[in-house]
Amino acid sequence: MAAMPTPRSFLLLLLLATPFLLLPLAASAAVPTSNPDIDLEYLIKNAGLDDSTPSTPTDDPEDGAPDFPGLDADYDEDEDLFGDDDGPEEDSSHPSAADEAHVLLLTAANFTAVLAARRHVMVEFYAPWCGHCRALAPHYAAAASALAEQGVDVALAKVDATEDHDLAQAHDVQGYPTLLFFIDGVPRDYSGERTKDAIVAWISKKLGPAVQNLTAVDEAEKVVTGDDVAVLAFLDHLSGAHSDELAAASRLEDTISFYQTTSPDVAKLFHIDPEAKRPSIVLLKKEEEKLTVFDGEFRASAIAEFVSANKIPLITTLTQETAPAIFDNPIKKQILLFAVAKESSKFLPIIKETAKSFKGKLLFVFVERDNEEVGEPVANYFGITGQETTVLAYTGNEDAKKFFFSGEISLDTMKEFAQDFLEDKLTPSYKSDPVPESNDEDVKVVVGKSLDQIVLDESKDVLLEVYAPWCGHCQSLEPIYNKLAKYLRGIDSLVIAKMDGTNNEHPRAKPDGFPTILFYPAGKKSFEPITFEGDRTVVEMYKFLKKHAAIPFKLKRPDSSAARTDGAEGEKSSGSNPKDEL
C-alpha cells in the first residue's frame, strides 16, 4: 500500500541547464587516484549536486499508488478508486446532505481527551480532496444522527489527516478514508460498507448483546423484513452450551446479527420446521438464494465459517457501495465477469449457478463494462479493451495475478475454470506494451515482454524505475534519473532502465507505489530485488549503486577540454548556479 498521504500539493524541482564544470587538468592531477570517493567528488562538483537536498517530495499524494490498486486493497489516496475524484453521484437512496451536528471534529489538541472521556469512539481520518471521503460524508453524518437518536453510547468523530499528519501517521493511516473504532482507547479497523445503515448495524452489533432473543412473532417479523442477512438458532433453551457457542460465533462476525429462539412459531417464520431436531441454524438473506441451512457440528468456529461462506450474495455487483465488502473480504480469490448491461442477462445466471459450487472459496464479482464510473477504470486496470464479455480470475493484491478465460461461457466451462483456478492450474497473464523498435537512450525502456531479457540478464547490474505517467513524483524524478543514466553511460556492466507500471506487469517487478526503484544485482537475479528508499538525488542513487553493484564500476568521464567548453557555454547561457539544480 501507498505511503501515508498528505495534502495535494507538488514540490516542484527547479531544473536548470547545467554545464560540466571540470577541474583544470593540473588540479585534477593533484587528486590521488587511490581515493575511493573520487567518482563521488566528481559527481558532486561537476553535476552541481547538493547532497543535503533531498529530491523526494513529501506532500504529493501521487507517490505510492497504482491507478487501480486491486480488489482487496484499501482505496488509493491519489486517484479515486473508480477514476472519479468527486465520488459517486447522489441519488434518492443516499443521504442528500451532510448534517454533521453529531460528528465531533478532532485534532491533535483534543484527540486524547475525547478518547479518554468516551468509551466508544469511531474516528474517520479523511482528506478534503478525497472523492471517497466526500461520498462518505453524508452517510457518516446520518449514522451519527441515527445512533444519537437511538441513545447508543458512541461518538462519531473525524480528523483531517492533511492538517494533523502526525496524528494520522501515529495510527498507521495509509489511505483515505480510514475508519477506526476505539473501545477504551484501543483501535480496531472498521470492516463494513461505507453506508449509513452498515455503519449503524456494525456499531450496534459491537455494543449490543452477541445474540438477541426472539420470543414473540411480531419481533421476529421485524427481523425477517428488516435485516438484509440474519442468523437464527432454534434451541431448547436460551442459555447453556448451545447458546454460548452461538454467542462465540457471533463475536467472530462483525456485520451479521445473530438471534436465538425456543418458539416454534418464530422458527416457522424463518422457514425452520417446528418439529425439526434442535439445535438448528438457518441463515436468511434478501436475495435469490434466500435460505441456507447449517448442517455442521454446533461449534463456534464451524458456525462462523458457515456464516462467512453464505452471507455474501452469489455474485456481487461492483459499485462504490459494495467495494469495501469486496476489498475487505477474507476470500481473496475472485472470478470477475465483465459485460455490458444489455448482455449481462445472458451470463449472470451461469455465473450465479457456478458460484453455488464455490461458496466460501471464491468471490464472484460482476463489473458492468459500460458503466463509466466503475467499468471503465477497472477494465483499464486489468488491461481489458473493447466491450466484449470477459471472464477472468484474480488472486487479489498480494500477488495480483490474473488469468483470462478463453472459450464459450457455459456452466461446465465456468466450473472447470473456477476449479482449475483453485488448484493453481491456470497460466497468469501480464500486461505489456510493444517492445520498442529502438532502445538507444541512456535510460533503457523496459516493457513486460522484455523484462526477462533486459532486467534479468545475469551479466548486468540493473536499476529499474517503475513509474506512472500521471504521477507527480515520477515527473519530478525523470530529469534526475536521466542525469544519473547520463553519468553512468558507457559502463557495460550497468543498466539504468524504466518501465511504465500502468501498462506493464511482471511478477519480478511489483511496484509498492509510484515511483518504485528496484535494483537487480548481476548473478543474483533469482533473489528478490533491492528497493531503493533513499533521497532521490543523483548522488544518493549513485552511492546506492556503488554499495550494491555486484560488478565494480568507475565513471566514464568526458574529455576534459570538451567538457570545459560545454560547461562554459552552458553556464553563460543559463546564468545560473549549477548547485541550484537540486
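Not measured: the values here are computed from a predicted model.
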Exercise. Within the side chain of T322, is there an N or O that forms a donor-acceptor pair under 3.5 Å with the backbone of T317?
Worked result: yes
CG of L136 to CG of L179, rounded to nearest 0.5 Å, is 6.0 Å
Test salt bridge (Lys or Arg N to Asp or Glu O under 4.0 Å) applied to D442 and R489, step by step
CA-CA 6 Å; D442 295 334; R489 69 160 65 131; 2.9 Å; yes
Interatomic distance, CG@L477 vs OH@Y467, rounded to 0.5 Å, equals 11.5 Å
Is a side-chain N or O of Y140 found less than 3.5 angstrom from the main chain of A157, in a donor-acceptor match? yes
* Report yes if some heavy atom in the side chain of I530 is under 4.5 Å from a heavy atom in the side chain of L518; otherwise report no. => no
Item checked: Validation row: F421, T395 side chains within 4.5 angstrom (heavy atoms) -> yes
Here the pair of heavy atoms bringing P128 nearest to R134 is O-NH1, 3.2 Å
_Within the 4.5 Å heavy-atom criterion, are F364 and Q334 side-chain neighbours or not?_
no
Which of T390, T427, L426 passes side chain to side chain contact (heavy atoms under 4.5 Å, CB included) with F404? It is T390
Flag yes if more than 12 heavy atoms outside K449 fall under 6.0 Å of its NZ atom; otherwise flag no.
no
| message | Checking side-chain polar atoms at under 3.5 Å, does D457 have a donor or acceptor matched by the opposite partner on S459? | response | yes
Here the pair of heavy atoms bringing S429 nearest to E505 is O-OE1, 4.1 Å
Exercise for the section: Would you sort out whether H506 and L456 count as a side-chain contact (heavy atoms from CB on, under 4.5 Å), showing the intermediate values? Expected result: CA-CA 11 Å; H506 194 282; L456 301 185; 4.2 Å; yes
> Does atom NZ of K401 have more than 12 heavy-atom neighbours, drawn from other residues, nucleotides or ligands, at distances under 6.0 Å?
Replying inline: no
query = Do side-chain atoms of E368 reach the backbone of V340 as a donor and acceptor pair under 3.5 angstrom?
reply = no
Between W202 and D189, the two heavy atoms sitting closest are CZ2-O, 3.8 Å
So, does D160 use its side chain to make a donor-acceptor pair with the main chain of T107 at under 3.5 Å? no
message: Contact between I183 and V186 at the side-chain level, heavy atoms closer than 4.5 Å - yes or no?
response: no
_Donor-acceptor contact below 3.5 Å, side chain S432 vs main chain G448_ = yes
Go through F544 and F532 one step at a time and tell me if the ring pair (Phe, Tyr, Trp, His ring centres under 6.0 Å) criterion holds. CA-CA 7 Å; F544 174 83; F532 173 75; 5.1 Å; yes
Exercise. What is the ring orientation for H548 with F519, classed by angle as parallel under 30°, tilted 30 to 60°, or perpendicular over 60°?
Worked result: tilted
### Non-hydrogen side-chain atoms of L463 and V495 separated by less than 4.5 Å
no
Rounded to the nearest 0.5 Å, the SG atom of C133 sits from the OH atom of Y176 at a distance of 8.0 Å
**Request:** Give the intermediate values and the outcome of side-chain contact (heavy atoms from CB on, under 4.5 Å) for residues F553 and L545.
**Result:** CA-CA 9 Å; F553 65 89; L545 290 172; 4.1 Å; yes
Original post:
Side chains of N504 and K431: closer than 4.5 Å at any heavy-atom pair?
Top reply: no
Does atom CD of E441 have more than 12 heavy-atom neighbours from other groups under 6.0 Å away? no
- request: May I ask you to decide if D433's main-chain N or O and N503's side chain share a donor-acceptor pair within less than 3.5 Å?
  value: no
- Query: Does the pair L318 and V378 meet the rule for a side-chain contact (heavy atoms from CB on, under 4.5 Å), with working shown?
  - Reply: CA-CA 10 Å; L318 181 59; V378 178; 3.9 Å; yes
Under 3.5 Å: donor-acceptor pair, side chain of T316, backbone of I312: no
Chi angles and distances behind the side-chain contact (heavy atoms from CB on, under 4.5 Å) call for I496, K444:
CA-CA 6 Å; I496 307 300; K444 305 305 178 187; over 6 Å; no
| query | Heavy atoms, side chains only, cut-off 4.5 Å: are K498 and V445 in contact? | reply | yes
Nearest heavy-atom contact between D461 and P521 is OD1-CA, 3.3 Å
Q) Under the 3.5 angstrom rule, does the side chain of H139 hit a backbone N or O of T195 as a donor-acceptor pair? A) no
| query | So do the side chains of V365 and I326 get within less than 4.5 Å of each other, counting heavy atoms only? | reply | yes
Item checked: Exam field: side chain N371 to backbone V374, donor-acceptor pair closer than 3.5 Å -> yes
Which of E540, K547, K546, M541 passes side chain to side chain contact (heavy atoms under 4.5 Å, CB included) with K543? Answer is E540
When every non-hydrogen atom of L115 is compared with those of G185, the smallest separation belongs to CD2-CA, 4.4 Å
Value for NZ (K460) from CD (E458), rounded to nearest 0.5 Å, stands at 13.0 Å
Practice item. I would like to know whether F111 and H171 meet ring pair (Phe, Tyr, Trp, His ring centres under 6.0 Å); could you show each step before the answer? Key: CA-CA 12 Å; F111 189 88; H171 289 88; 5.1 Å; yes
Apply ring pair (Phe, Tyr, Trp, His ring centres under 6.0 Å) to residues Y394 and F382 and explain how you reach the verdict. CA-CA 10 Å; Y394 181 59; F382 286 110; 5.0 Å; yes
- Show your reasoning for whether salt bridge (Lys or Arg N to Asp or Glu O under 4.0 Å) applies to R369 and E376. CA-CA 6 Å; R369 182 65 183 85; E376 194 66 28; 3.1 Å; yes
Here the gap from D512 atom CG to E533 atom CD, rounded to the nearest 0.5 Å, amounts to 8.5 Å
The reported gap from NZ in K402 to CD1 in I384 (rounded to nearest 0.5 angstrom) is 9.0 Å
- Task: Scan side-chain atoms only and decide if T537 and D535 contain a donor-acceptor pair under the 3.5 Å cut-off.
- Result: no
For E465 and P515, the nearest pair of non-hydrogen atoms, with its separation, is OE2-CB, 3.8 Å
| So, R508 side chain and V455 main chain: donor-acceptor pair closer than 3.5 Å or not? | no
With a cut-off of under 6.0 Å to the ring centre and 45° to the axis, is K158 in cation-pi contact with F125?
no
